[in-house]
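Computed from a predicted model, the values in this text were never measured in an experiment.
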Amino acid sequence: MPSYQAPLRDMRFVMDEMLDYPAHYAALPSGDDASSDVVSAILEEGARFARDVLLPINQSGDEEGCQLEEGEVKAPNGFKEAYQQYVEGGWPSLAADPEHGGQGLPPSLAMMLSEMICATNLAWGMYPGLSHGAADALRHHGTDEQQSTYLTKLVEGVWTGTMCLTEPHCGTDLGLIKTRAVPADGDAYTLTGTKIFISAGEHDLAENIVHLVLAKLPDAPEGSKGISLFVVPKFLPDADGNPGERNGVTCGSLEHKMGIHGNATCVMNFDGATGYLVGPPNKGLACMFTMMNAARLGVGIQGLGLIEASFQNSLSYARDRLQMRSLSGKQAPEKPADPIIVHPDVRRMLLTQKAFAEGGRMLVLYAAQLLDTVEHGKPGEDKERAETLLGLLTPIVKAFLTEVGFESTNEGVQIFGGHGFIKEWGMEQLVRDARITRLYEGTTGIQALDLLGRKVLMSQGESLKVFTKEIHKFCKAEADNPALKEFITPLAKLNAEWGELTMEIGMKAMQDREEVGAASVDYLMYSGYVALAYLFARAAKQASMSLEGDDKAFYAAKLNTARFYYQRLLPRTKAHAQMIQAGATSLMAISSEDFGLGFEI
């Protein structure tokens with residue numbers, strides 16, 4: 001069975017030394033409760049829960065999967081008991097508003113817990129994970145009655161939530177949905193339709209499930225402008241707010257997936273189900289984006305957690321596995337062969353995992369600070385800046401970390417060699433689980449269009465400038481720092497090139513809109529590499545100032561990881577830039593009919 005230890009030392013480095021979380025929390029109106037002692041207790045207890053409760057049921061949950069009998073889903077053995085411990089520990093309410101039974105702590109603390117959960121049992125983590133997004137959507141858009149009925153239960157964790165968007169005939173293009181909502185008695189609606197790929201759509205972990213469902217009213221405009229949002233509970237609440245009559249929503253079948261077997265991915269049938277409108281009519285997509293953005297950040301954290309899990313187990317194996325001798329001579333002469341960690345190519349793979357884990361953690365915790373400010377900060381320039389930056393970084397967090405997450409888990413299998421292909425080691429499960437993260441909550445291509453088309457070009461590049469100006473100021477301030485020259489010089493060049501590439505794409509797009517789609521994925525990956533380069537430069541600054549302290553080995557390793565990132569991973573930006581500049585011509589030159597020349601369809 002794989003092992004896991006929460007990387008608390010690295011988390012504290014990023015939080016306390018690099019991003020100055022103590023000052024950040026002190027500046028928040030609700031930050032007084034996030035004292036150093038409280039934060040440490042949350043991290044340490046969260047690490048224990050992930051390691052001792054979730055990790056032991058990860059592989060068994062994958063092998064057992066979920067079982068559907070007469071419309072009811074049973075989660076794998078141990079999942080329900082783990083969820084009860086999760087609720088009893090108060091974890092669901094960590095960052096929720098005290099008005100609805102929450103503890104009122106900053107969202108960043110919940111995101112740190114989420115990394116540990118995703119690293120130890122991704123499938124289990126999806127059951128409570130979507131509940132946070134459902135609660136956010138109701139908190140922002142629900143009526144007072146809806147909040148009093150559903151929000152406290154979601155915050156407590158005794159009810160869970162889902163988001164029901166996709167249908168058999170449409171995925172990302174939600175304007176094509178066919179689910180209908182017809183006015184019924186009072187403020188109720190009757191919903192009819194089928195949704196697919198619904199994570200945690202049916203299970204036995206909680207007493208009720210609150211579905212947030214996209215549907216169209218009878219007089220709705222065509223396309224995405226005619227989508228409304230409805231809250232549809234599995235059991236209709238009775239007069240006391242407890243689960244009452246069974247609603248007309250059932251699980252028709254479970255999807256048979258390549259990964260996350262322990263989570264019930266359901267086909268949900270709404271057969272005259274009773275629902276209630278959330279937000280204004282025909283504005284459901286805007287309301288749902290509150291939940292979708294939270295989910296996208298959550299999926300990025302899933303990528304990070306899987307990188308860390310794969311790295312830790314790859315490192316342990318590489319230290320123990322004996323294979324050949326070092327090219328420079330025996331490194332373990334008392335043994336029949338050297339451990340494979342001495343070989344440069346194994347080190348390349350390990351350092352790739354390590355760099356993406358540490359860089360990804362910096363990116364997530366940087367974004368988490370912005371989310372804290374957006375959710376709890378005082379109105380003003382800082383909050384507006386945080387909203388802009390978070391909007392820019394959300395598709396990068398989601399797509400970049402899941403792309404490199406899949407790469408990193410594959411490297412883990414490679415490090416294990418033939419043993420990586422064997423189930424008992426658990427490495428192939430990480431690959432299978434990681435593969436879905438590049439798809440759900442918007443594929444990499446969709447995130448790339450959101451970043452380049454909506455966030456950057458539609459703002460005339462202003463959202464990007466907020467971030468590139470921050471990088472520019474950092475580079476300028478450290479220009480004469482000899483300890484950082486190896487980082488600042490390439491970072492400054494890439495930061496300038498980022499703006500130039502953006503302008504070049506914008507000019508081409510004025511003549512041919514296909515240029516945006518042609519450049520988008522390479523643009524997102526380029527953006528991710530530069531964002532991590534900036535954060536690694538900041539980490540290198542902090543580490544270089546701490547080399548004479550008691551933890552010299554940690555800071556020296558941090559500097560070396562930053563150097564590896566700059567020398568072996570950051571050069572990928574050159575290829576992405578070249579592909580961006582190649583444009584759309586070769587992509588669009590072949591007609592759809594001519595794609596299959598050479599074989600019959």
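With 3.5 Å as the limit, one finds a donor-acceptor pair spanning the side chains of Thr444 and Glu403. Side-chain polar atoms of Glu308 and Gln312 form a donor-acceptor pair below 3.5 angstrom. For the residue pair His24 / Ser108, no side-chain donor-acceptor distance below 3.5 Å is found, with atom types taken as modelled. A side-chain donor-acceptor contact under 3.5 Å links Gln353 and Ser310.
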| said: Does Arg432 form a salt bridge (charged side-chain N to carboxylate O under 4.0 Å, His left out) with Glu428? I'd like the steps, not just the answer. | reply: CA-CA 6 Å; Arg432 289 186 286 105; Glu428 57 84 34; 2.7 Å; yes
| request: Test side chain to side chain donor-acceptor pair (under 3.5 Å) on His203 and Thr160 and set out the steps. | output: CA-CA 10 Å; His203 58 80; Thr160 62; 2.9 Å; yes
| task | List the steps and the verdict of salt bridge (charged side-chain N to carboxylate O under 4.0 Å, His left out) for Glu202 and Lys195. | result | CA-CA 13 Å; Glu202 169 61 32; Lys195 299 288 184 178; over 6 Å; no
| message | Set out, in order, the CA-CA distance, both residues' side-chain angles and the distance that settles side-chain contact (heavy atoms from CB on, under 4.5 Å) for Asp10 and Lys558, then state yes or no. | response | CA-CA 9 Å; Asp10 197 57; Lys558 183 67 66 176; 2.4 Å; yes
| request: For the pair Leu212 and Leu229, evaluate side-chain contact (heavy atoms from CB on, under 4.5 Å) and give the outcome as yes or no after the intermediate values. | output: CA-CA 7 Å; Leu212 289 185; Leu229 179 63; 4.1 Å; yes
| task | List the steps and the verdict of side chain to side chain donor-acceptor pair (under 3.5 Å) for Glu411 and Ser314. | result | CA-CA 9 Å; Glu411 295 287 30; Ser314 297; over 6 Å; no
| message | Checking Arg361 against Glu358 for the salt bridge (charged side-chain N to carboxylate O under 4.0 Å, His left out) test, could you report, in this order, the C-alpha distance in whole Å, the side-chain angles of both residues, the deciding distance, and whether it holds? | response | CA-CA 5 Å; Arg361 185 169 299 113; Glu358 294 180 9; 5.9 Å; no
| request: Tell me, with the steps shown, if Glu375 and Arg139 meet salt bridge (charged side-chain N to carboxylate O under 4.0 Å, His left out). | output: CA-CA 12 Å; Glu375 291 291 333; Arg139 179 168 61 88; 2.9 Å; yes
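Put simply, the side chain of Glu167 does not reach to within 4.5 Å of the side chain of Leu174, judged on heavy atoms. The shortest distance between side-chain heavy atoms of Tyr25 and Pro106 falls below 4.5 Å. No side-chain heavy atom of Pro339 sits less than 4.5 Å from a side-chain heavy atom of Asp320. Residues Leu351 and Arg568 are not in side-chain contact: their nearest non-hydrogen atoms beyond the backbone lie 4.5 Å or more apart. Counting heavy atoms from C-beta outward, Arg12 and Ser40 have side chains that approach closer than 4.5 Å. The shortest distance between side-chain heavy atoms of Leu390 and Leu371 falls below 4.5 Å. With contacts defined as side-chain heavy-atom distances shorter than 4.5 Å, the pair Thr120/Arg51 does not qualify. At least one side-chain heavy atom of Met112 sits less than 4.5 Å from a side-chain heavy atom of Met15.
A side chain to side chain contact (heavy atoms under 4.5 Å, CB included) with Asn247 is found for exactly one of Ile209, Leu236, Leu191, namely Leu236.
The backbone N or O of Gly442 sits less than 3.5 Å from a side-chain atom of Lys398, completing a donor-acceptor pair. Judged purely by atom type and a 3.5 angstrom limit, Thr409 uses its side chain to pair as donor or acceptor with the backbone of Gly405. When atom types are taken as modelled, the side chain of Asn269 and the backbone of Thr194 share no donor-acceptor pair closer than 3.5 angstrom. A donor-acceptor pair under 3.5 Å is formed between the side chain of Thr437 and the backbone N or O of Ala434. When atom types are taken as modelled, the side chain of Asp62 and the backbone of Gly259 share no donor-acceptor pair closer than 3.5 angstrom. Between the side chain of Asn263 and the backbone N or O of Ala200 there is at least one donor-acceptor pair closer than 3.5 Å. Asp450 places no side-chain N or O within 3.5 Å of a backbone atom of Ile446 that could act as its donor or acceptor partner. Asp204 places a side-chain N or O within 3.5 Å of a backbone atom of Ala75 that can act as its donor or acceptor partner. Looking only at distances, a side-chain donor or acceptor of Tyr127 sits under 3.5 Å from a matching main-chain atom of Ala264. Ser93 places no side-chain N or O within donor-acceptor distance of the main-chain N or O of Val155, the cut-off being under 3.5 Å.
The aromatic ring centres of Phe13 and Phe554 sit less than 6.0 Å apart.
Using bins of under 30°, 30° to 60° and over 60° for the plane-to-plane angle, the ring pair Tyr529/Phe356 lands in the tilted bin. The aromatic rings of Phe416 and Tyr317 lie parallel to each other, with less than 30° between the two planes, well short of the 60° mark. Between Trp91 and Phe49, the two ring planes are tilted [angle within 30° to 60°].
Across every non-hydrogen atom of Asn313 and Ala309, the tightest pair is ND2-O, 2.9 Å. The nearest pair of heavy atoms linking Gln59 to Lys423 is NE2-O, 3.0 Å.
Annotation: the span from Ile260 atom CD1 to Met126 atom CE amounts to 4.0 Å, rounded to 0.5 Å. With rounding to the nearest 0.5 angstrom, the CD1 atom of Ile198 is 7.0 Å from the CG atom of Leu165.
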